[in-house]
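The structure appears right after this line, and notes come after that.
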Amino acid sequence: MTNSDPPLLNHYGALFSSNSPQLDDPKNRLVIEECQLPLIDLSGLSNHDETVRRACVAAICGASSEWGFFQVLNHGISPQLVEQMRSEQVKLFKIPFERKASCGLLNNSYRWGSPRATCPKQFSWSEAFHVPLTKVSDEACYGEFISLRAVMIEFAAAMSKLAGLLGSILTANLGHGKEVIKNLCDEGTCFLRLNHYPACPISPEILGLVCHTDSDFLTILCQDQVGGLQLMKDSKWVTVKPNRDALIVNIGDLFQAWSNGVYKSVEHKVVTNAKMERYSIAYFLCPSYDSSIGSFKEPSIYRKFTFREYRDQVQEDVRKTGYKVGLPRFLVSGRGDLLTGSME
């Protein structure tokens, strides 16, 4: 293997040759087990039996507290739409790297590798389009990929509706009105990310996406059957077994702070596959930049901060060190559990 598209191998090689060759990280040496995430049937939310509805809500909130991750069935996004979206996504990533990097597709949102990585263990073997919702319907973003636009519009609307539903359930559980999350969140900061993880035959230690927590309220992930997602559970890395019919939901940093630690933003990563490429699509539910994030009760683990302040601090930390410090920066002194060592 002398080259790669995108040029991940060249970038990784430069990092490897200019740093210690040691990739090992204590976190990567922890026992890895396969797990089945909590599986929640959302049809229970519309059941005529109030007991069933309450049980479904309790399962969502319980999984958000215990795992920070769960899967949902009967989520309202048809298998046909998922297949259409995946087919269009594959066609998009198949074009040559030079065109993806220079032709301005999807709001010029193409990204690859880890530009801010300072050593091999901070390197992500992946490429992505990071698309703000405000640009999803913009014809000028699609170039020759005309058929992608209609599918993206429908898919983004469906994911946005699902995220709003789950967000309202989680906020209501904290004693807020169901409209709170809708009023806080802004299409201008929410986005879709189309991910591609090329096969990586050079080292099983290279990650497709480095260990991190998400800097939003919640994330909804639609993944293929290749697998590779791992999360931290009870001080162990566990591998998430793909479920063809389910979407994965995980809590982000903002919900952990807003819930005063009731909901957990959990470290996760994507491992590479030596022979098979992997595709996924993530939807990120974010507030407006000036939204104030504060605990729903006192004493508060975290001080109040705006989403803009949080994002700026995360970006500054990553720029300087390659690491995301995240929520520990906003702890009230002497309180809370630290999320240490996570990256973005």
Side-chain angles (χ1 to χ4, degrees), residues 42 60 64 68-70 72 75-77 81-82 85 88-89 92 105-111 128-142 148-172 176-195 209 212-223 247-259 263 265 268 280-293 305-315 324 326 344:
L42 295 186
I60 292 169
S64 298
F69 272 78
F70 56 94
V72 292
H75 39 68
I77 302 175
L81 179 56
V82 170
M85 187 67 225
E88 294 290 343
Q89 180 183 8
L92 181 66
L105 278 170
L106 296 179
N107 195 44
N108 196 32
S109 63
Y110 179 69
R111 305 289 183 268
F129 285 91
H130 193 87
V131 191
L133 288 197
T134 51
K135 294 295 182 179
V136 166
S137 61
D138 187 348
E139 290 186 34
C141 287
Y142 291 89
L148 173 61
R149 180 173 177 266
V151 179
M152 280 271 284
I153 290 173
E154 185 178 358
F155 189 84
M159 293 286 263
S160 183
K161 181 179 179 181
L162 177 59
L165 171 65
L166 295 171
S168 67
I169 288 170
L170 292 168
T171 53
H176 293 280
K178 288 190 174 183
E179 294 298 311
V180 170
I181 197 76
K182 180 179 178 181
N183 294 336
L184 274 176
C185 290
D186 189 328
E187 192 176 82
T189 55
C190 297
F191 57 91
L192 280 177
R193 189 166 69 204
L194 313 184
N195 300 307
L209 189 62
H212 68 287
T213 58
D214 290 349
S215 302
D216 58 356
F217 273 118
L218 61 83
T219 305
I220 303 175
L221 180 71
C222 177
Q223 65 170 348
L247 298 177
I248 293 175
V249 182
N250 69 274
I251 299 299
D253 295 345
L254 301 188
F255 246 142
Q256 174 162 321
W258 203 28
S259 70
Y263 305 140
S265 181
H268 53 285
S280 70
I281 308 168
Y283 176 94
F284 296 86
L285 181 66
C286 302
S288 64
Y289 283 118
D290 294 326
S291 295
S292 178
I293 308 301
F305 55 88
T306 66
F307 183 45
R308 186 188 307 279
E309 182 183 5
Y310 187 68
R311 290 292 297 172
D312 287 349
Q313 184 62 67
V314 167
Q315 290 172 6
K324 171 188 173 185
E344 182 170 87

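Counting from 1, the numbers follow the sequence of the chain as shown.
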Nearest 0.5 angstrom please: [X] [atom1] to [Y] [atom2], how far?
{"X": "Glu88", "Y": "Met152", "atom1": "CD", "atom2": "CE", "value": "10.0 Å"}
{"X": "Asp186", "Y": "Ser291", "atom1": "CG", "atom2": "OG", "value": "7.5 Å"}
{"X": "Asn195", "Y": "His130", "atom1": "CG", "atom2": "NE2", "value": "10.0 Å"}
{"X": "Leu194", "Y": "Phe155", "atom1": "CG", "atom2": "CZ", "value": "8.5 Å"}
{"X": "Ser215", "Y": "Gln315", "atom1": "OG", "atom2": "CD", "value": "9.0 Å"}
{"X": "Leu162", "Y": "Cys222", "atom1": "CG", "atom2": "SG", "value": "11.0 Å"}

request  = Determine the sole option in Leu221, Leu218, Thr189, Asp216 for which the side chain to side chain contact (heavy atoms under 4.5 Å, CB included) test with Phe284 is passed.
outcome  =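 Testing Phe284 for a side chain to side chain contact (heavy atoms under 4.5 Å, CB included) against Leu221, Leu218, Thr189, Asp216 leaves exactly one candidate, Asp216.
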query = With sequence neighbours left out, what residues match Gln89 under side chain to side chain donor-acceptor pair (under 3.5 Å)?
reply =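 Not a single residue meets the side chain to side chain donor-acceptor pair (under 3.5 Å) criterion with Gln89.
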Do [X] and [Y] have side chains that approach each other closer than 4.5 Å (heavy atoms only, starting at C-beta)?
{"X": "Val314", "Y": "Asp253", "value": "no"}
{"X": "His268", "Y": "Asp214", "value": "yes"}
{"X": "Ile293", "Y": "Glu309", "value": "no"}
{"X": "His75", "Y": "Ile220", "value": "no"}
{"X": "Leu133", "Y": "Phe191", "value": "no"}
{"X": "Leu42", "Y": "Ile60", "value": "yes"}
{"X": "Leu192", "Y": "Tyr283", "value": "yes"}
{"X": "Ile251", "Y": "Leu170", "value": "yes"}

inquiry  = Students often mix this up, so state it plainly: with edges at 30° and 60°, are the rings of Phe217 and Phe255 parallel, tilted or perpendicular?
reply    = perpendicular
request  = Using the six-membered ring wherever Trp is involved, compare the ring planes of Trp258 and His176 and label them parallel, tilted or perpendicular (cut-offs 30° and 60°).
outcome  = parallel
task = Could you go through the side chain to side chain contact (heavy atoms under 4.5 Å, CB included) check for Gln313 and Phe305 one step at a time?
result = CA-CA 11 Å; Gln313 184 62 67; Phe305 55 88; over 6 Å; no
request  = Could you go through the side chain to side chain contact (heavy atoms under 4.5 Å, CB included) check for Lys135 and Leu106 one step at a time?
outcome  = CA-CA 7 Å; Lys135 294 295 182 179; Leu106 296 179; over 6 Å; no
Mind listing the closest non-hydrogen atom pair of [X] and [Y] along with its distance?
{"X": "Ala163", "Y": "Leu285", "result": "O-CD2, 3.8 Å"}
{"X": "Ala158", "Y": "Ile77", "result": "CB-CG1, 3.7 Å"}
{"X": "Asp138", "Y": "Arg149", "result": "C-NE, 4.2 Å"}

inquiry  = According to salt bridge (charged side-chain N to carboxylate O under 4.0 Å, His left out), who are the partners of Glu179, at least two apart in sequence or on a separate chain?
reply    = none
message = So does Ser109 get a backbone contact from the side chain of Asn107, meaning a donor-acceptor N/O pair under 3.5 Å?
response = no
query = Strictly by modelled atom types, are Thr171 and Ser168 linked by a side-chain donor-acceptor pair under 3.5 Å?
reply = no
